[in-house]
Amino acid sequence: MKVVVVGAGVAGCIVARALAALPGLEVSCLEQVVADDHSESGTGLNIGPNGLKALQRHSQALADAVLAESFLWHDWRISLTDGTVLFDLPLKNVADNPGIRIRWSELYRVLRHEAGPCVQFGCEVTGVGYADPAVSGAGRAVFDHTWIEYTQNGAAKRIDDIDLLISCDGRYSLLRQTLCGVPDIKHVGVSILRLLVPNTSGGLVEDYEQWFNGPNRMLGFRVPEDHIYVSGAFPIEPGAPIPDEMKTAAAFRRAFTPAGGPLSAQCAWLVDTLCNNLPSIHWSRLQESPALFRDPGGRVMFLGDSANGMVPTLGQGATQAIEGACMVADLLTAKLNAGGGAAEVPAWLEEVEQRRRERIKFVMEFSLYSTDTMLAGADPVAGTRKKLEPPYMENLKRLYRDISTYP
Ligand SMILES: Cc1cc2nc3c(=O)[nH]c(=O)nc-3n(C[C@H](O)[C@H](O)[C@H](O)COP(=O)(O)OP(=O)(O)OC[C@H]3O[C@@H](n4cnc5c(N)ncnc54)[C@H](O)[C@@H]3O)c2cc1C
């Protein structure tokens, strides 16, 4: 049986690693970046407790490799930029284990190393299709094979007769767009900046914290090797470009300085750090796209951001890529070890969707709901107090404890 994984990001590496360990399977994982280019775009990640739980359940060895490059995430605090604490939640109250804090580049490096030689770098997939377009035109629901085209070091290449194609090529998935159309993007009306800097805070920033001034929000935490990840968020017109005047030191100071007093020591350091590193800041906009787990042809699985691009408010993008990939890896391993083969691929994809659909619906809706305090006109005090009430806490428990599993 021939399996191709497109994208050696978070989800792709986990699935490719598991499949490459199975006998009798031909597995390739094609990644567009060159070896050792674990680009991070200045980003730290907080992986939710559910991601670590899923990883440990799937493979303690893989979890240990990731943990070796991580700090544990134990506490979630929300304050105002003047230092008033609104919310201080030990994660053990809502989760079975801590989450983790890691540099995006380190997560990629570890996962790509663990996936081993099945990952081929410098391979950009440029096309995908079904083996028999004439049959496709006749409306047949299930196809026997797919193909892909890609370039490797400038040379055009092609793989035919693929029994299972796993699309882990991220939020702007070429495979999903080609096979199922460009997803409808929903803009939420929030711009987000990110910055990774050496830690000069003198201990002011450690575990995961957020600071509000009106709907303007900063977020920060420390990651190995002693760097601080800072993120900022400001409301914008939904779908509109991020105004240039928002990207200035004066705008940062205006956005975060409280009307009634000075910035807390933590926030003064964070705002100074943003203002001193303007050229290194990366900007994006909060958006989500509808979930889609498989193509109608029955041979292509979408996994991670290619299946479920969500708003990053609860740090669930990579977390869900991990949770979903661990479940898929366990499911495919069990099916193949039980003697299953290519003919059953469409049924396996249907089962993956059944196991993920409700979970992803919940995670995406909860992430979007949690964005309320970052929208134009939001009151972070009232909004954060609401998050201390039992319904929100119950949803956090569901988020962090009730992971997708197989069996
Ligand atoms: C600023 C920012 C902050 C974030 N913070 C968090 C956070 O704190 N916590 C969290 O859980 N999530 C966070 N996320 C989201 C998280 O990074 C993504 O959800 C996660 O990386 C998705 O994993 P993936 O495996 O689906 O895709 P990716 O990790 O994006 O991997 C896709 C891979 O496919 C490759 N690829 C793409 N196209 C092709 C092609 N045509 N051919 C070959 N290869 C291709 C790419 O090079 C890449 O390696 C954040 C995202 C951003 C942008």
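It should be emphasised that the depicted structure is a prediction, and the values quoted were computed from it without experimental measurement. When a ligand or atom number is given, it counts from 1 through the structure's own listing order.
- Ligand 1 lies out of reach of Tyr150, whose nearest heavy atom is not under 4.0 Å from it.
- Remark: ligand 1 and Gly304 share no N or O pair separated by less than 3.5 Å (distance only, no angle test).
- Proximity of Gln32 to ligand 1, defined as any heavy-atom pair under 4.0 Å, is shared by backbone and side chain alike.
- Protein heavy atom nearest atom 28 (P) of ligand 1, with residue, atom name and distance: Tyr108 OH, 3.3 Å.
- Looking at Ala318, Pro312, Ala325, it is Ala318 that brings a heavy atom closest to atom 10 (C) of ligand 1.
- At a cut-off of 3.5 Å, with distance as the only test, no side-chain donor of Arg194 or Ser231 sits close to an acceptor on the other residue.
- The shortest N or O to N or O distance between Thr319 and ligand 1 is below 3.5 Å.
- Here Ser173 has no heavy atoms under 4.0 Å from ligand 1, in either its backbone or its side chain.
- Of the N and O atoms on the side chains of His145 and Asp163, at least one donor lies less than 3.5 Å from an acceptor on the other residue.
- No side-chain donor-acceptor contact under 3.5 Å links Asn337 and Thr333.
- Between Phe252 and Phe256, the ring planes are tilted. Angles from 30° to 60° get that label.
- Residue nearest to atom 27 (O) of ligand 1, selected from Gly170, Gly44, Gly48: Gly170 (by heavy-atom distance).
- For a threshold of 3.5 Å applied to N or O pairs, the pair formed by Ser306 and ligand 1 contains no separation below that value.
- For atom 1 (C) of ligand 1, the nearest protein heavy atom (residue, atom name, distance) is Arg194 CD, 2.8 Å.
- No hydrogens or angles considered: nothing links the side chains of Ser306 and Tyr172 as a donor-acceptor pair under 3.5 Å.
- With ligand atoms numbered from 1 in the order given, ligand 1 contributes 10 (C), 11 (O), 12 (N), 15 (C), 18 (C), 19 (O) to contacts under 4.0 Å with heavy atoms of Gly317.
- Distances below 4.0 Å separate heavy atoms of Gly315 from the following atoms of ligand 1: 7 (C), 9 (N), 10 (C), 11 (O).
- Counting heavy atoms closer than 4.0 Å to ligand 1, residue Arg112 contributes side-chain atoms (C-beta onward) but none from N, CA, C or O.
- With hydrogens and angles left out, the side-chain atoms of Gln316 and Asn50 include a donor and acceptor closer than 3.5 Å.
- For ligand 1, the atoms closer than 4.0 angstrom to any heavy atom of Ala321 are 23 (O).
- Protein heavy atom closest to atom 9 (N) of ligand 1, with residue, atom name and distance, is Asn46 O, 2.9 Å.
- Set against the non-hydrogen atoms of Cys123, the atoms of ligand 1 under 4.0 Å away are 42 (N), 43 (C).
- By the criterion of a heavy-atom distance under 4.0 Å, the side chain of Trp104, and not its backbone, is placed next to ligand 1.
- The pair Glu225-Arg103 does not count as a salt bridge, with every side-chain nitrogen at least 4.0 angstrom from each carboxylate oxygen.
- Atom 42 (N) of ligand 1 has Val125 N, 3.0 Å as its closest protein atom, hydrogens excluded (heavy atom only).
- Between Asp372 and Lys387 there is a salt bridge, with a side-chain nitrogen of the basic residue lying less than 4.0 Å from a carboxylate oxygen of the acidic one.
- Under 4.0 Å is where a charged nitrogen must lie from a carboxylate oxygen, and between Asp295 and Arg299 no such pair does.
- At the shortest separation from atom 31 (O) of ligand 1 among protein heavy atoms lies Gly9 CA, 3.3 Å.
- Not less than 6.0 angstrom separates the ring centroid of Tyr208 from the ring centroid of Tyr229.
- Atom numbering of ligand 1 starts at 1 in the shown order; those under 4.0 Å from a heavy atom of Val10 are 21 (O), 23 (O), 25 (O), 29 (O).
- Judged as a side chain to side chain contact (heavy atoms under 4.5 Å, CB included), and not counting sequence neighbours, the contacts of Gln60 are Gln56, Ala63, Asp64.
- Geometrically, Arg112 engages Tyr108 in a cation-pi contact defined by less than 6.0 Å to the ring centre and at most 45° from the axis.
- Look at Cys13 and you'll find every heavy atom at least 4.0 Å from all atoms of ligand 1.
- Only the backbone of Leu30 comes within 4.0 Å of ligand 1, counting heavy atoms alone; no side-chain atom from C-beta on gets that close.
- Looking only at heavy atoms of the protein, atom 50 (C) of ligand 1 is closest to Leu45 CD2, 4.1 Å.
- The one candidate from Lys53, Arg356, Arg57 that meets the salt bridge (Lys or Arg N to Asp or Glu O under 4.0 Å) condition with Glu323 is Arg356.
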Checklist entry - When you look at Arg401 and Asp96, which way does the salt bridge (charged side-chain N to carboxylate O under 4.0 Å, His left out) test go after all the steps? => result CA-CA 6 Å; Arg401 289 182 173 151; Asp96 297 329; 3.1 Å; yes
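- Using a 4.0 Å cutoff on heavy atoms, Cys168 counts as a contact of ligand 1.
- Looking at Tyr229 next to ligand 1, no N or O pair under 3.5 Å apart turns up.
- Under a 4.0 Å criterion applied to the non-hydrogen atoms of Gly7, ligand 1 contributes the atoms 33 (C), 34 (O), 35 (C).
- Closest to atom 49 (O) of ligand 1 among all protein heavy atoms lies Glu31 OE1, 2.6 Å.
- Residue-ligand proximity, Ala11 to ligand 1, at heavy-atom distances under 4.0 Å covers atoms 25 (O).
- A centroid separation of 6.0 Å or more is found between the aromatic rings of Trp73 and Phe221.
- Scanning the protein heavy atoms around atom 26 (O) of ligand 1, the nearest turns out to be Asp305 N, 2.7 Å.
- Figure legend: Arg217 and Trp211 shown without cation-pi pairing, the cationic atom not lying both under 6.0 angstrom from the six-membered ring centre and within 45 degrees of its axis.
- At a cut-off of 3.5 Å, with distance as the only test, no side-chain donor of His227 or Asn199 sits close to an acceptor on the other residue.
- Only the backbone of Gln316 comes within 4.0 Å of ligand 1, judged by heavy-atom distances.
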